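What you are looking at is a predicted structure, and each value in this text was computed from that prediction instead of being measured.
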Amino acid sequence: MRKLLITNDICHETRLHDNILDILFKHKKEISNRLRDIKGLYFIDHVAIIIITPSNEITIFSYTPSVEYNLIIKELWKYDKSFSPYFLKDGSMTWWGEAYSYNYLNLIQFAKEELHKFTLGMNLVRKIENHKLVYSFATRSQKNGIKEFYVDIKDELFHIGDYGYNLIRDIYSEYSDSHVVPFINNSNKILKNKPHLKLIVNNQFDY
Amino acid sequence: MDRSKFVQHFSRRLIQLMTEEGFDSTRAKNGVDISKLAKISGCSYQMARKYTLGEALPELHVIAKIAIWLRTSPSWLLFGENETQISRHTSGAIIEIEPDLLKYILNKSHVLFKLSNNSDDIVNFIVDTIYDATHLNSDNKTIHKIIDMMISSATLLNNKNKDISAEHAS
């Protein structure tokens, strides 16, 4: 895959990993096995983890790689700010549609959403050790209030994304030559305030 | 919704499903087979009992295992679309495929059944492959190449798992 160095007002100086297609399809079975835990939770029908390195190289791990493949092969990804480190703010949650360039909105919406019958897609962004992780989820649910529902469970979605990232991290490390692959701790908790025990020995403990 | 109510609703759905699937028991307080639940969850009897009493919530990966066992979706078990109706979640995606493409995929993928005893896993993977293949915006030659890559990925994973098992055995 040739390097695409983009300089425009959508995806600044971002480039796809040289082996992006290999990554999407060569590890299909392994990625599906690992991310299957996530699919089905909270009506999620698609999950992808987009990793943007400090040098703005993009790698993608997807349960449904045809979603991202179509964007790449038609070069529509350049006009989708889901792949822009400057648009994506740490801790943010945005809907897919908010990231589409106006001039390409219909095309991207068709390729990413309508083709797959997704009713809603969202990006959640986690910055860690100068990398940006974009947890990309989509649903086919037609329930009323689904958008508000996802806003309500934003924290849980972040936990799910962290969990998913740690599941594929070792596959990513095979392709990451120039940067140390970050690790996220405590990614498998889905609710806060879980009770825990603290061992106190000889009445001594830290305040 | 506060956490305690969330956990109680989860336990209610868990008990409902276990009863529906025939895992009831006259010995347990809430009428379900705790031992079986503990075995599936990979946890202690006491912890499994807490799941059914609404006193504890399993980890994400355990919820996924329980959902598969009880033939429902993790999302319904965890959240529950409708308290009185069990959701056999379907993704809502319908696949339309040309016969020649389907034949190509089935011919290429039949070897996968030799790699694993878990036919459900292989079938799910083939369905996922069919889904992706029918949604690729590309020419037939490229689609075939991608199908080959996806099916090879299953062989690759199988070999990787064999290597890991061999390492552990030695």
Taking side chain as everything from C-beta outward and backbone as N, CA, C, O, which of these in [X] sits under 4.5 Å from a heavy atom of chain B? Side chain, backbone, both or neither.
X	value
A:Asn33	side chain
A:Tyr69	side chain
A:His46	neither

Check whether B:Leu136 gets within reach of chain A through its side chain, its backbone, both or neither, counting any heavy atom under 4.5 Å. both
Side chain, backbone, both or neither of B:Thr134 within contact of chain A (heavy atoms, under 4.5 Å): neither
Step through it carefully: locate the ring centre of A:Tyr165, locate the ring centre of A:Phe61, and say whether they are under 6.0 Å apart. no
Tell me, out of A:Leu115, A:Ile31, A:Asn70, who's got the most heavy-atom pairs with chain B below 4.5 Å. A:Asn70
Is the closest basic N to carboxylate O distance between A:Arg36 and B:Asp128 below 4.0 Å? yes
Identify whether the distance between the nearest side-chain nitrogen and carboxylate oxygen of B:Lys36 and B:Asp24 falls below 4.0 Å. no
Decide whether A:Asp162 and A:Tyr135 meet the rule of one side-chain donor and one side-chain acceptor closer than 3.5 Å. yes
Residue B:Arg49 excluded, over 12 heavy atoms near CZ under 6.0 Å: no
